[in-house]
There are 2 protein chains.
Amino acid sequence: MNEIKIFCPATIANISCGFDVLGVALDTIGDEMVVRKTQEKGIRITKLNGQQLPMETHLNVAGVAGLALLAVSDYDGGFDIEIYKKIKAGSGIGSSAASSTGAVWAMNELLGKPFSTLELVKFAMEGERLASGVAHADNVAPALFGGFTLVRSYTPLDVIPIPSPAALYATVIHPQIEVKTSDSRKILKTTISLEDGIKQWGNLGGLVAGLFTSDYALIGRSLEDHIVEPIRSILIPGFDAIKTTAMSKGALGCGISGSGPSIFAFSKGEQTAQKVGTGMKDVYKKIGIDFDVHISKINTSGIKRL
Amino acid sequence: MNEIKIFCPATIANISCGFDVLGVALDTIGDEMVVRKTQEKGIRITKLNGQQLPMETHLNVAGVAGLALLAVSDYDGGFDIEIYKKIKAGSGIGSSAASSTGAVWAMNELLGKPFSTLELVKFAMEGERLASGVAHADNVAPALFGGFTLVRSYTPLDVIPIPSPAALYATVIHPQIEVKTSDSRKILKTTISLEDGIKQWGNLGGLVAGLFTSDYALIGRSLEDHIVEPIRSILIPGFDAIKTTAMSKGALGCGISGSGPSIFAFSKGEQTAQKVGTGMKDVYKKIGIDFDVHISKINTSGIKRL
């Protein structure tokens with residue numbers, strides 16, 4: 001096999017009480033990529049459709065992630081990469097992670113799978129370092145493992161796949177405004193109250209238990225964030241109205257996707273997820289903000305061949 | 001049935017990364033109680049063996065917890081309670097919780113189980129309020145539910161039972177020193193760094209996942225506490241040596257039980273738990289501190305009839 005065409009899922013990171021540790025992969029939104037073995041060494045981004053992003057290998061997240069893999073591989077050829085972006089850059093649903101993970105996953109397939117999924121996470125994190133200055137795994141881990149993933153530790157890297165109930169759906173609304181990741185990081189406080197911390201780890205424990213037992217009500221009760229959401233939501237116009245609407249339409253919980261501006265809600269069943277989406281749309285229509293809405297089942301397998 | 005004799009398990013609360021939310025019940029250490037229906041209204045502590053504790057109903061945790069139940073019951077008689085303490089007061093393994101929960105569990109049995117386990121937790125919390133000034137559920141929840149329990153929230157009270165792997169054993173060493181709960185609470189800081197918070201909820205998520213999947217290695221990796229243990233361990237002589245020894249003997253993890261002074265370790269298998277106990281003993285023998293050691297399987301059913 002010399003060429004592979006793949007789907008790279010969008011992902012939600014910073015899931016409410018799971019700030020900086022819990023992410024999930026989506027099923028109906030993602031990029032496509034074509035990766036091809038070449039005799040010429042190195043990596044070239046030969047096509048980049050759908051978004052204005054750098055095509056120079058060292059400035060492209062897929063390029064940089066791929067180079068990290070190549071650096072420890074004994075393969076003496078190279079790769080051409082075509083990227084068909086459907087996830088908007090800066091939307092907060094793992095646009096850079098989709099490209100980084102797609103590149104290394106496809107390369108690994110074409111080389112006969114010499115690397116483990118955890119190793120691929122590490123390579124893809126180099127793409128995240130380029131995109132945001134921080135080599136985080138919040139989005140690349142779920143994109144590669146599928147489903148929910150908990151990044152328990154970075155030293156050493158410890159990624160724990162968490163199961164997801166069959167009827168769990170995500171609704172994501174992306175208001176077409178720009179929130180700089182650096183801004184949304186800057187406004188976070190470096191200390192929190194012990195009291196809020198206790199609530200947060202209680203909720204995270206409840207959320208993980210709810211995901212293991214398919215207890216939708218428990219998942220809903222646990223989707224609380226007393227620490228980051230109250231601060232970051234200020235940067236997202238209409239956040240409170242969107243959340244109130246989502247909950248009134250039957251969502252289990254609602255929060256900021258990644259560092260925003262996208263907002264996600266989880267629901268039991270597609271029908272509720274659709275209702276939540278319609279309610280969210282109405283809020284932004286009234287305010288007069290353009291948006292995209294995505295409804296998706298949880299993607300439990302991660303990147304897939306097309 | 002007019003009389004019941006029961007076993008009330010000791011419990012470990014504040015399990016490392018689960019500070020204030022995660023507790024577990026033990027199997028081989030606990031109190032015994034006899035509870036008897038009487039025509040006379042109210043509650044009387046008619047016997048209290050093994051510890052010097054108040055016998056006046058309003059000053060005894062079992063009495064106060066029982067009164068909380070009676071206050072909402074339509075039963076128009078009363079109860080006599082005999083308490084045979086085997087758990088030392090102030091040891092940090094839920095001495096007061098054993099008495100509080102035992103009283104309300106036995107009364108509920110004798111009345112034909114009008115109350116749910118969660119309601120019993122609420123009654124027993126009144127005993128904890130008397131004992132420590134705070135109506136916490138860290139110990140009473142695992143004593144009543146058995147196994148591991150996560151207290152996700154107090155408003156409203158939300159207790160999540162978490163499964164425990166079959167070969168999980170606890171070793172508990174109780175150095176015969178006094179640490180006042182008020183002191184061990186006073187030295188805690190009211191704020192923590194966001195960075196430590198993230199580690200803590202990552203670990204709690206990992207621990208819950210490890211308990212669900214019987215992944216002993218993950219349980220071990222997750223038994224970390226960067227927040228409370230570094231502060232409270234200062235009050236427990238030899239803590240670092242005990243922990244180092246426990247880990248070197250094969251324990252999965254080791255931490256402070258409750259607010260101390262007892263120290264717990266978890267191990268896979270009874271043999272390892274015994275080795276850990278022997279190692280811990282040797283440390284306190286060298287230092288010249290008296291101690292009790294308990295080795296116990298996890299108690300998965302909570303209080304039981306004898």
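Heavy atoms only: backbone and side chains are in, while hydrogens, waters and symmetry mates are out. Letters go in sequence order (proteins before strands), and every chain restarts at 1.
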I need the residue from A:Val228, A:Leu188, A:Ile160, A:Leu22 with the largest number of non-hydrogen atom pairs under 4.5 Å to chain B. A:Ile160
Which one, [options], leads in non-hydrogen pairs under 4.5 Å with chain A?
options: B:Asp215, B:Thr213, B:Thr191, B:Ile227; result: B:Thr191
options: B:Pro163, B:Ala209, B:Ser153; result: B:Ala209
options: B:Asp196, B:Asp20, B:Leu207; result: B:Asp20
options: B:Gly197, B:Gly205, B:Pro161; result: B:Gly205

Can you see which heavy atom on A:Leu194 is nearest to which on B:Lys189, and at what distance? CD2-O, 3.6 Å
Please give me the minimum heavy-atom distance between B:Ser222 and A:Arg152, naming the atom from each residue. OG-CD, 3.3 Å
My understanding is that only one of A:Val21, A:Ile192, A:Val151 makes a side chain to side chain contact (heavy atoms under 4.5 Å, CB included) with B:Ile198; could you say which? A:Val21
Just checking A:Lys268: does its NZ atom have more than 12 heavy atoms from other residues, nucleotides or ligands closer to it than 6.0 angstrom? no
Around A:Lys249, counting heavy atoms of other residues, nucleotides and ligands shown, do more than 12 lie under 6.0 Å from its NZ? no
Is the backbone of A:Gly202 close enough, under 3.5 Å, to the side chain of B:Trp201 for a donor and an acceptor to pair up by distance? no
Is chain A contacted by the side chain of [X], its backbone, both, or neither, given a heavy-atom distance below 4.5 Å?
X: B:Asp158; answer: side chain
X: B:Ile162; answer: side chain
X: B:Leu218; answer: side chain

Nearest 0.5 Å please: distance from the SG atom of A:Cys17 over to the CG atom of B:Leu204. 10.0 Å
